[in-house]
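Just so we're on the same page: letters track the sequence lines, and every chain starts at 1. Every value quoted in this text rests on a predicted model; they were computed, and no experiment measured them.
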Amino acid sequence: MITSIKHALSASAEAEIEIAGWIRSRRDSKGFSFVEVNDGSCLRNLQVVVDQEVPGYEQALHATTGSSVRVAGRLIASPAAGQKWELRATNLEIIGHADASYPLQKKGHTVEFLRTIAHLRTRSNLFGAVFRVRSRLAYAVHQFFQERDFVYVQTPIITASDCEGAGELFRVTTLKQGTDKAGEPDFFGKATYLTVSGQLEAETFACALSKVYTFGPTFRAENSNTSRHAAEFWMIEPEMAFCDLRGDMELAEEFVKAMVRHALEHCADELGLFTKFVDKTLMETLTLVAERPFQRVPYADAISILNASGRNFEYPVTDGQSLQSEHERFLAEEHFRVPVILFDQPAQAKPFYMRVNDDGKTVAAMDVLVPGIGEIIGGSQREERLNVLQENMRSRGLSEEEYWWYLDLRRFGTVPHAGFGLGFERLLMFLTGVSNIRDVIPFARTPGNAEF
RNA sequence: UCCUGAGUAGCUCAGUGGUAGAGCGGUCGGCUGUUAACCGAUUGGUCGUAGGUUCGAAUCCUACCUCAGGAGCCA
């Protein structure tokens, strides 16, 4: 029976235990050796003391960083400073050697280098911590919605609808390039793609189960080379019937705050590491976000604030157009210094399904802008009026036949409804302070890169 | 895709026209209840790739590749 190091380190009494993990470092003394073992169950290592008479001692002396090891012994209070418990080995077995070419050192590596060894980087403190937080937060996402009676919907990954406006699509086909016979039908009998959003399908469920959410992989074929875009990422999309934009914004704020609080409460060691090595202001920022209300700003007010700022922006502030990144950053990072919810944006820059406001010029859309990351959530109240939706589609040249089932929702018992999409990786970037999306997803898919 | 910057030892970097270096890592030895231990020795290079300029190029020029930061697209 193997005891996890997490459990061993939180022991309340001495015990005979057996642990297994990978050697992080070794310090030899005359007659005995200190071996630091980490099994990924927590950030901390367990210090193993191996006396020269212990079976396996000779092996241990030649075990380099990265070797896997199994140790039986007695967990005792450590006589030295630096750790509460240590394991006095009675038996040590090297399971698998790591030779001198093992690329991870005891000292810090750059994230850029670790990215080139994504199959090993999880053995570093930083990435172990990132992926433990990722796991914990995935759990928190489900907990948040389940506690509020949202129904979890697994929307399809292969889809024929492109959720207009969400981005470029990856084509899914069984036709072989250059060899397909003319007129041969494709697998689904129509063009299909990897989903860019589960929203349209989620809407059908919301119009039956009232409150639903999706949490799954999403694909965008854009040639984006930035620190916050990936071709494959995980998105969380709640959708609520009988809900307007205000309710949508309330949920968004409540959700982000709940995730921050969950991380603060359950990932304290990891957040401590991030604060020490990644972003010194992380704890401060997270505490602030958990406590202070988000700033809600109508688009029109945002334009006024930007114009009155006296700031010389690289791109001019133009009423009626989407804000530039620098504008959003100014609002979230300098003007308000808290997450900002920008809402009621110009209709022309937004997709067909967003509800047209009474002014006829803006739509009930909202973006949550977070300091350091930018847009973390994009959402809207959906257009529930059949004739208005049809008009929106016509003006954008969309075919009603393609969306017949989507329009049916407005034909049969239509209701006001709203929802949003939240990028799980962007949430993790915000919670960990890690500034590149490639470092919060196990194996990043970006243009030109699908290694591992 | 566009703009900017960077590619030198396994890693982090110095070297800016004249004999390729340091620290860390690895190896060997010493020392020590050690804490990213310490001390000594040692190992380690197609200077991103291909051309060009020059008596001579890691260094200057051109192209390409890769990576990073920023922009657009968005989550």
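Applying the side chain to side chain donor-acceptor pair (under 3.5 Å) test to A:Arg121 and every residue at least two apart in sequence or in another chain returns A:Asp439. With sequence neighbours left out, A:Arg171 forms a side chain to side chain donor-acceptor pair (under 3.5 Å) with no residue at all. By the side chain to side chain contact (heavy atoms under 4.5 Å, CB included) test, A:Ala206 is found to be paired with A:Val212, A:Glu239, residues two or more places apart in sequence or in another chain being considered. Evaluation of the side chain to side chain donor-acceptor pair (under 3.5 Å) rule for A:Asp39 yields A:Ser41 as partners, not counting sequence neighbours. Residues passing the side chain to side chain donor-acceptor pair (under 3.5 Å) test with A:Ser33 are A:Asp28, sequence neighbours excluded.
Between A:Phe255 and A:Phe145, the ring-plane angle classifies as parallel under the 30° and 60° cut-offs. Ring geometry for A:Phe352 against A:Tyr406 counts as perpendicular: the plane angle is over 60°, on a 0 to 90° scale with 30° as the lower cut.
Here, B:U19 and B:U59 have their P atoms 14 Å apart, quoted to the whole Å. Atom name P, nucleotides B:A41 and B:U46: the rounded distance is 26 Å, in whole Å. Taking atom C1' on both nucleotides, B:A71 is separated from B:A9 by 36 Å, rounded to a whole Å.
Here A:Ile377 lies in heavy-atom contact (under 4.0 Å) with sugar-phosphate atoms only. Within 4.0 Å (heavy atoms only), A:Phe420 reaches no atom of the nucleic acid at all. Among the protein residues, A:Ser227 comes within range of the sugar-phosphate backbone only, with heavy atoms under 4.0 Å from sugar or phosphate atoms but none that close to a base.
Checked by distance alone, A:Arg228 brings no side-chain donor or acceptor within 3.5 Å of a matching partner on the base of B:A75.
Across all strands shown, B:A71 is found opposite B:U1 as a Watson-Crick or G-U wobble partner, with both distances under 3.5 Å.
The stretch residues 40-66 of chain A participates, sequence neighbours left out, in no ring-ring contact (aromatic ring centres under 6.0 Å, His included) pair at all. Within the structure, ring-ring contact (aromatic ring centres under 6.0 Å, His included) contacts touching residues 8-40 of chain A (residues at least two apart or in different chains) are A:Phe32-A:Phe34. Sorted by first and then second residue, the pairs that involve residues 78-114 of chain A and meet ring-ring contact (aromatic ring centres under 6.0 Å, His included), not counting sequence neighbours, are A:His109-A:Phe113.
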List, one per line, each side-chain donor-acceptor pair under 3.5 Å for residues 440-452 of chain A, sequence neighbours excluded.
{"residue": "A:Arg445", "atom": "NH1", "partner": "A:Glu451", "partner atom": "O", "Å": "3.2"}
{"residue": "A:Arg445", "atom": "NH2", "partner": "A:Phe452", "partner atom": "O", "Å": "3.1"}
{"residue": "A:Asn449", "atom": "OD1", "partner": "A:Glu451", "partner atom": "N", "Å": "3.3"}

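Within residues 90-115 of chain A, the residues approached by RNA chain B to less than 4.0 Å at the level of any non-hydrogen atom are A:Ala100, A:Gln105, A:Lys106, A:Lys107, A:Gly108, A:His109, A:Thr110, A:Glu112, A:Phe113, A:Arg115, in residue-number order. Applying a 4.0 Å cut-off to non-hydrogen atoms, none of the residues of residues 243-264 of chain A approaches RNA chain B.
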Each nucleotide of nucleotides 28-34 of chain B classed B (base within 4.0 Å of a protein heavy atom), S (only sugar-phosphate) or -, in 5' to 3' order, makes ---SBBB

